[in-house]
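Heavy atoms only: backbone and side chains are in, while hydrogens, waters and symmetry mates are out.
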2 protein chains.
Amino acid sequence: MILKMDVIKNIVKERLQLHGIKPSLQRMAVMEYLMTHRTHPTADMIFNDLYPDIPTLSKATVYNTLNLLVERGVVRLITIEEKSARFDACMDPHVHFRCRSCGAILDVNVEAHWIPTMPDGVTVDMSETYCIGHCAKCNNLVNN
Amino acid sequence: MILKMDVIKNIVKERLQLHGIKPSLQRMAVMEYLMTHRTHPTADMIFNDLYPDIPTLSKATVYNTLNLLVERGVVRLITIEEKSARFDACMDPHVHFRCRSCGAILDVNVEAHWIPTMPDGVTVDMSETYCIGHCAKCNNLVNN
DNA sequence: TCCATTTTTAGAATCATTCCAATTCTGTTT
DNA sequence: AAACAGAATTGGAATGATTCTAAAAATGGA
């Protein structure tokens with residue numbers, strides 16, 4: 001019998017190895033966290049949530065790991081919010097929306113990413129679109 | 001005879017007043033700087049360039065002013081780069097490109113801004129698209 | 001087991017930004 | 001012009017996210 005936990009852990013491990021990243025306990029934990037929490041967490045949120053399970057975990061390790069994952073193209077770095085960086089393990093094309101009043105960051109699905117025509121000689125290997133406004137919940141609060 | 005300087009200063013003053021911002025010496029200087037330097041500067045760059053002319057200028061004032069300008073919709077806050085915020089006084093639709101090797105941030109003209117279809121109830125009042133890759137100059141260095 | 005390399009760690013250091021309380025400036029009323 | 005109230009500016013301290021550093025721990029061969 002194969003436990004669900006093992007299945008997830010194997011997917012996580014494979015995804016890391018596919019990108020040449022040695023799957024240490026800490027790296028697995030950060031990657032699994034991002035794959036199972038689609039909340040665009042900050043480094044600090046990840047650290048705080050993982051810390052109870054890995055009491056020796058250091059914030060530096062979380063930062064090291066996130067930087068490595070971003071460098072290798074395994075997760076996306078999101079700068080939709082000035083205060084702190086956000087991370088997203090979903091690499092399918094989608095844009096991010098931030099609500100001005102509650103601060104939530106939501107995924108918005110799109111067919112493909114928009115890459116405008118660039119000046120001659122410029123090459124683009126990544127693009128991000130950020131939309132900012134008011135989410136459905138906050139709009140309702142105002143209208144009722 | 002009207003000096004060119006006066007013309008610019010008048011445009012700057014009008015743009016501030018149009019948005020209900022009292023045109024103090026410091027605010028005029030920051031706004032004029034942004035309108036005449038299309039380099040997407042950081043608060044620090046603005047402070048350093050303005051300081052020689054306004055020796056009493058404080059960094060807090062530069063931050064206060066930039067925050068006010070962004071709040072009132074007079075300039076754009078650009079978060080294409082994690083280290084520090086960038087500012088842009090051009091409100092015409094355009095997207096930003098950042099070169100991975102030299103760090104330059106360039107404007108790319110577009111007809112209109114892309115705003116993907118949002119989930120029901122979500123309203124968008126601003127959107128930004130960031131493209132990242134290699135600029136023409138850096139691509140040439142590699143290919144020659 | 002021993003050794004070399006990689007990874008993790010805690011805490012210090014850095015750096016952008018905000019906060020704070022005091023001062024200066026502005027415009028208005030006597 | 002003096003007195004005043006409110007707004008803007010100021011320097012420096014405080015904050016908070018991130019990076020750096022040097023030591024300790026883990027890993028994986030020979």
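- Remark: the backbone N or O of B:Tyr130 is not paired with any side-chain donor or acceptor of B:Arg98 at under 3.5 angstrom.
- Judged purely by distance below 3.5 Å, without hydrogens or angles, the side chains of B:Asn10 and B:Asp6 never pair a donor atom with an acceptor atom.
- The side chain of A:Gln26 contributes an N or O atom lying less than 4.0 Å from OP1 or OP2 of C:dT9.
- For the residue pair A:Thr129 and B:Thr129, a side-chain donor N or O sits within less than 3.5 Å of a side-chain acceptor on the partner.
- Electrostatic pairing of A:Arg100 and A:Glu81 does not count as a salt bridge here, judged by no charged N lying under 4.0 Å from a carboxylate O.
- Residues B:Lys9 and B:Glu32 are paired through a salt bridge, judged by an N-O separation under 4.0 Å between the basic side chain and the carboxylate.
- In this structure, A:Ser24 reaches the C:dT8 phosphate: one of its side-chain N or O atoms is under 4.0 Å from OP1 or OP2.
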Pairs under 3.5 angstrom, nitrogen or oxygen only, protein versus nucleotides 2-6 of chain C, please.
none

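- For the pair B:Glu82 CD and C:dT14 P, the computed distance is 21 Å after rounding to whole Å.
- Between the CZ atom of B:Arg86 and the C1' atom of C:dT17 there is a distance of 15 Å, given to the nearest Å.
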ring-ring contact (aromatic ring centres under 6.0 Å, His included) assessment of B:Phe47 paired with B:Tyr63: CA-CA 9 Å; B:Phe47 173 79; B:Tyr63 277 103; 9.2 Å; no

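- The distance from atom NZ of B:Lys83 to atom C1' of D:dG16 is 15 Å, rounded to the nearest whole Å.
- Using modelled atom types and a 3.5 Å distance limit, the side chains of B:Asn139 and A:Thr123 yield a donor-acceptor pair.
- Side chain of B:His40 to main chain of B:Ile105: a donor-acceptor pair is present (N/O by atom type, distance under 3.5 Å, no hydrogens or angles).
- Near-neighbour residues of DNA chain C inside residues 36-66 of chain A, defined by a heavy atom below 4.0 Å, number-ordered: A:Thr56, A:Leu57, A:Ser58, A:Ala60, A:Thr61, A:Asn64.
- Note: CG (B:Leu25) to P (C:dT24) measures 17 Å, nearest angstrom.
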